[in-house]
Amino acid sequence: MNHKVAKFGGTSLANFEAMSRCADIVLSSQSTRIVVVSASSGVTNLLVSLSTGALPATQRNAAIAKISEIQSAIATHLELSSQQLSLIDDLLEKVGDIATSIARLNVGEEQVRTQLTDKLLACGEQLSSTLFTQVLIERGVNAHWLDVRDVMRTSSDFGKATVCIDTVVQLASERITPLLEKQVIVTQGFIGSDEAGNTTTLGRGGSDYSAALLGEATHCSQIDIWTDVTGIFTTDPRITAQAYALEEISFNEAAEMATFGAKVLHPSTLIPAMRCKIPVFVGSSRAPEAGGTIVRNETESKPVYRAIALRREQTLLTVTSMDMLHAPGFLARVFTILAKYNLSVDLVTTSEVSVAITLDNTGSNSGGNTQISQAMLAELEAVCQVTIEKDLALVALIGNAIDTSYGVGTRLFSTLHDVNVRMICQGASSHNLCFLVEGNQATDVISRLHHAMFEQNAQGVA
Ligand code: ADP
Ligand code: ASP
Ligand code: MG
């Protein structure tokens, strides 16, 4: 079928007016047959606060009341069936019950906590999808609410589960594709379930990824990501007002942007799209007429400088050992310890006796736990000296042929002649050049680079 998948993010579903704009978008395109929703803005953060188990009962109740308020403000505009009303009541009750159970857990019951957390976080998307289905029905759309956990099969890695794509493809062909001819399927992003039926989540911001997976599994013609910006910009428009929306960008460039911090797309979003060469459109649900960015396999332009991404709160781990000198196996030992604690290595540079590493925290677990545990440090310190530097920012220059173009370094570092660049990585990909600076300099660094690389060019060249 030649259908599209539309994903609406949290701000797009924040209230009834915002949901109505999303309904207009669905109505304006006959080919939109699958709608993937995030939780209404603020709800997942409130649920995350409940999942820590650290809130006293009064604050827990206040958080639950706030969630209920956000959803009731939407519900009052709708004629919900008694079935839908009791589903919403059950979900809100479930939020309270799970939050209480988490608060009563003992130290050491981490496994139970992460499992309950996913169950708790899933309530956000379940609530918003129920409400948005009714918004569509009242606008005359033949909308059908689908529990995505019947299709989105994952591993049992609560907080950041791995998707079993083959099973998802098979389940989608049985449970979604036959409905698409006549109905618009409304379902939840971000959540899934393992083989035993336990609820799982795909990592914060994972609804973009869900949309792409469902697009792949149902062989759609395009994935539309509707958010609060009119496309993918040259850099986060919150950093500099000079940033501008790109008309087009390649899968590789956009994947690097997402990996290196451009929140507009979850880092895994482009994996399904790339596998099946499905174009991804990014636009604003507030201003659909403004157009947006098309992400596709091949772009007409291949500029050296396309965009700048920023990832804050980076930690640099430097491990030093004289054993490393001409000795095989040292790096393997360090990396084995990191892997044991489920830490994925991001940037790496080495010297004669040291290795400096940043740890990838994109799509980190849903509770947002700090990554470097005392247990891991103790294991590392048994084999080497460890230094930790915090509050760094990773800046990534994204483009094409960066590895073979002359003068990139000169242009970059002459612009930053008075900035201490803590670490530089380039060469693994032709699409990026990354470096670390002090966190408090990040905004200034990006504004200056943006000015030097994008504003001095004619717009559209980049
Ligand atoms: P949603 O709730 O719709 O998923 P997100 O908040 O996750 O929306 O992503 C949209 C935000 O991403 C924007 O408001 C913007 O601040 C941020 N962002 C970061 N980098 C970029 C970029 N290069 N282009 C556009 N937006 C970006
Ligand atoms: N609601 C989830 C979050 O806030 C997933 C998403 O919005 O994509 O992380
Ligand atoms: Mg998002």
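All residue numbers refer to positions in the sequence shown, counting from 1. Note that ligands are numbered from 1 as they come in the structure, with each ligand's atoms numbered from 1 the same way.
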Counting non-hydrogen protein atoms only, what is the nearest one to [atom]? Give residue, atom name and distance.
atom	result
atom 4 (O) of ligand 1	Lys7 NZ, 3.0 Å
atom 13 (C) of ligand 1	Asp228 OD1, 3.4 Å
atom 21 (C) of ligand 1	Asp236 CA, 3.6 Å
atom 6 (O) of ligand 1	Lys263 NZ, 2.9 Å
atom 25 (C) of ligand 1	Gly231 O, 3.5 Å
atom 26 (N) of ligand 1	Val264 CB, 3.5 Å
atom 1 (P) of ligand 1	Thr227 OG1, 3.6 Å

Distance-only polar pair, side chains of [X] and [Y], donor-acceptor under 3.5 Å:
X	Y	value
Thr315	Glu389	no
Ser207	Ser38	yes
Thr443	Arg312	yes

Please list, in number order, the atoms of ligand 1 under 4.0 Å from a heavy atom of [X].
X	answer
Met257	23 (N)
Gly10	2 (O)
Ile232	24 (N)

For Thr234, is at least one N or O under 3.5 Å away from an N or O on ligand 1? no

Using distance alone, decide if ligand 1 has a nitrogen or oxygen within less than 3.5 Å of any nitrogen or oxygen in Phe233. yes

Whether Gln115 side chain and Val112 backbone form a donor-acceptor pair below 3.5 Å: no

Would you check if the side chain of Asp194 reaches a backbone N or O of Ser155 as a donor-acceptor pair within less than 3.5 Å? no

Counting C-beta onward and ignoring hydrogens, is there a side-chain heavy-atom pair between [X] and [Y] closer than 4.5 Å?
X	Y	value
Phe454	Thr235	no
Ser210	Lys7	no
Asn420	Val437	no

What residues come within 4.0 Å of ligand 2, counting heavy atoms only? Ser38, Ala39, Thr44, Glu125, Phe190, Arg204, Gly205, Gly206, Ser207

Using a strict 4.0 Å threshold on nitrogen-to-oxygen distance, state whether [X] and [Y] make a salt bridge.
X	Y	value
Arg238	Asp228	yes
Arg275	Glu216	yes
Glu248	Arg296	yes

When Leu27, Thr32, Ile25, Val26 are each screened for side chain to side chain contact (heavy atoms under 4.5 Å, CB included) with Ser29, the one that passes is Thr32

How does Thr235 reach ligand 1, if at all, at less than 4.0 Å between non-hydrogen atoms: by side chain, backbone, both, or neither? backbone

Check each heavy atom of Pro237 against ligand 1 and say whether those closer than 4.0 Å belong to the side chain, the backbone, both or neither. side chain

Close aromatic pair by centroid cut-off 6.0 Å: Phe233 and Tyr244: no

